[in-house]
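Below you'll find the structure, written out as structure tokens, and then a few comments.
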Amino acid sequence: RPVEVADTNAEETVRFEADMTVPLHGPWLRLPGETTMTVTWITRIPCAGGIEYWEAGTTNRIERWPVRYGALDYSRDVHCFHLTGLRSGTRYAYRLLSALDSYTSPWTYYVGRGREVRHFTTVDPARDAYRVFLTADLHGGARLSLAPMVARTGAKDADFYFFLGDNVSDGAYNNYRFYATMGFLDDVTRLWGSEKPTLFLRGNHDIFGPDAGRHGE
């Protein structure tokens with residue numbers, strides 16, 4: 001439906017139809033370290049998903065794009081970047097990027113640049129204590145139980161979040177994408193996942209089903 005926008009800077013107020021920077025699932029953070037962080041998200045269709053990140057309060061921005069055999073990779077809807085060379089104990093800002101196909105690549109016509117700027121902080125070795133939240137055996141019930149647990153334990157202020165296994169139930173990985181995203185990843189993202197890292201361990205219930213081998217995706 002056509003919409004009239006009073007702002008003359010339409011590029012910043014209207015999303016182009018090829019903009020894939022609003023994820024279908026995510027983003028969520030994993031593998032935190034003193035100099036590392038991993039950012040993962042899923043787009044509604046395959047595209048080239050990129051990331052732009054920088055130290056908060058600075059203007060020196062770094063872009064990363066997926067490259068396969070020397071060319072930009074448009075084949076995936078799961079996008080994952082392991083950021084390295086970061087400074088310890090430092091707050092970073094990041095936003096998602098996208099390019100839909102070879103006609104709208106980062107070097108030619110159109111790049112979707114996410115308007116949602118998110119943040120994370122790398123591990124600080126000088127700190128003598130971290131606040132953590134641990135849970136296990138949700139068996140796919142995160143939608144019902146995760147938010148109340150976080151609220152009642154004050155875990156919204158935690159630095160790290162641990163899922164100690166059995167995040168889904170037996171046989172759930174007959175359709176791993178559905179049970180992982182709808183089962184717990186969407187709720188992790190909603191509550192803390194795009195700003196604070198989560199560490200996932202596998203329990204015995206997380207290894208059953210024909211798709212179990214794709215858990216790492």
Side-chain angles (χ1 to χ4, degrees), residues 5 7-124 159-161 181 185-186 188-200 216-217:
V5 179
D7 192 339
T8 57
N9 187 7
E11 183 177 1
E12 295 298 324
T13 55
V14 180
R15 290 188 189 272
F16 188 52
E17 62 184 352
D19 187 342
M20 298 295 156
T21 59
V22 177
L24 183 64
H25 303 286
W28 57 88
L29 304 176
R30 297 179 298 120
L31 301 175
E34 295 178 17
T35 61
T36 62
M37 189 69 73
T38 295
V39 185
T40 309
W41 70 98
I42 302 176
T43 48
R44 66 181 186 269
I45 60 174
C47 66
I51 189 168
E52 181 181 44
Y53 63 98
W54 62 96
E55 284 191 33
T58 70
T59 58
N60 184 23
R61 303 191 176 196
I62 300 172
E63 280 190 23
R64 287 186 56 188
W65 291 91
V67 176
R68 189 180 187 194
Y69 305 126
L72 201 63
D73 186 1
Y74 300 92
S75 66
R76 302 175 185 274
D77 63 344
V78 179
H79 311 282
C80 183
F81 288 91
H82 185 57
L83 308 181
T84 60
L86 307 176
R87 287 160 46 96
S88 63
T90 302
R91 180 173 167 83
Y92 282 83
Y94 73 96
R95 65 176 178 172
L96 307 183
L97 311 174
S98 70
L100 192 56
D101 54 47
S102 59
Y103 295 99
T104 58
S105 77
W107 302 287
T108 56
Y109 175 56
Y110 178 79
V111 176
R113 297 188 178 274
R115 300 171 193 177
E116 297 78 13
V117 175
R118 302 173 174 91
H119 297 83
F120 64 80
T121 302
T122 52
V123 175
D124 185 355
D159 299 297
F160 301 105
Y161 298 81
T181 55
L185 283 178
D186 283 352
V188 165
T189 301
R190 175 174 56 86
L191 294 171
W192 68 74
S194 65
E195 301 269 339
K196 297 180 180 181
T198 310
L199 287 83
F200 300 96
E217 294 183 21

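To the nearest 0.5 Å, the span separating CG on Leu199 from CZ on Phe160 amounts to 7.5 Å. Within the model, atoms NE2 of His82 and OG1 of Thr36 stand 4.5 Å from one another, a figure rounded to the nearest 0.5 Å. A distance of 14.0 Å separates CG of Leu86 from CZ of Arg91, quoted to the nearest 0.5 Å. Distance check: Thr90 OG1 to Asp124 CG gives 8.0 Å after rounding to the nearest 0.5 Å. The OG1 atom of Thr121 sits 10.0 Å away from the OH atom of Tyr92 when rounded to the nearest 0.5 Å. Taking CG of Leu29 as the start and NZ of Lys196 as the end, the distance is 11.0 Å to the nearest 0.5 Å.
In this structure, the side chains of Cys47 and His79 come closer than 4.5 Å at one or more pairs of heavy atoms. In this structure the side chain of Ser98 reaches within 4.5 angstrom of the side chain of Asp19, judged on heavy atoms. A 4.5 Å side-chain heavy-atom check between Leu96 and Pro23 finds at least one atom pair inside the cut-off. Inter-residue side-chain proximity for Leu185 and His25 is flagged as unmet; no heavy-atom pair is nearer than 4.5 Å. Side-chain contact check for Arg76 versus Pro46: every heavy-atom pair is 4.5 Å or farther apart. Inter-residue side-chain proximity for Thr21 and Arg113 is flagged as unmet; no heavy-atom pair is nearer than 4.5 Å. Counting heavy atoms from C-beta on, the side chains of Arg68 and Ser75 come closer than 4.5 Å.
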Stepwise side-chain contact (heavy atoms from CB on, under 4.5 Å) check, Glu34 with Thr122: CA-CA 5 Å; Glu34 295 178 17; Thr122 52; 6.0 Å; no

side-chain contact (heavy atoms from CB on, under 4.5 Å) between Ile42 and Trp28, worked out: CA-CA 10 Å; Ile42 302 176; Trp28 57 88; 4.1 Å; yes

Stepwise side-chain hydrogen bond (donor to acceptor under 3.5 Å, both in side chains) test for Thr58 and Asn60: CA-CA 6 Å; Thr58 70; Asn60 184 23; over 6 Å; no

Step-by-step side-chain hydrogen bond (donor to acceptor under 3.5 Å, both in side chains) determination, Thr198 to Trp192: CA-CA 9 Å; Thr198 310; Trp192 68 74; 2.7 Å; yes

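Side chain of Glu63 to backbone of Glu52: no donor-acceptor contact under 3.5 angstrom is found.
Under a cut-off of 6.0 angstrom, the local environment of CZ in Arg87 is sparse, with at most 12 non-hydrogen atoms contributed by other residues, nucleotides or ligands.
Between Leu72 and Pro66, the shortest heavy-atom contact is CD1-O, 3.4 Å. Nearest heavy atom pair, residue Pro197 against residue Met37, reads CB-SD, 4.0 Å. Listed here is the closest heavy atom pair of Trp41 and Leu97: CZ2-O, 4.5 Å.
Shown are Thr38, Ile51, Val39; of these, the side chain to side chain contact (heavy atoms under 4.5 Å, CB included) with Pro27 is made only by Val39. No option in Glu116, Arg118, Arg61 other than Arg61 meets the side chain to side chain contact (heavy atoms under 4.5 Å, CB included) test with Arg95.
Using cut-offs of 30° and 60° on the angle between ring planes, the pair Tyr94 and Phe120 is tilted.
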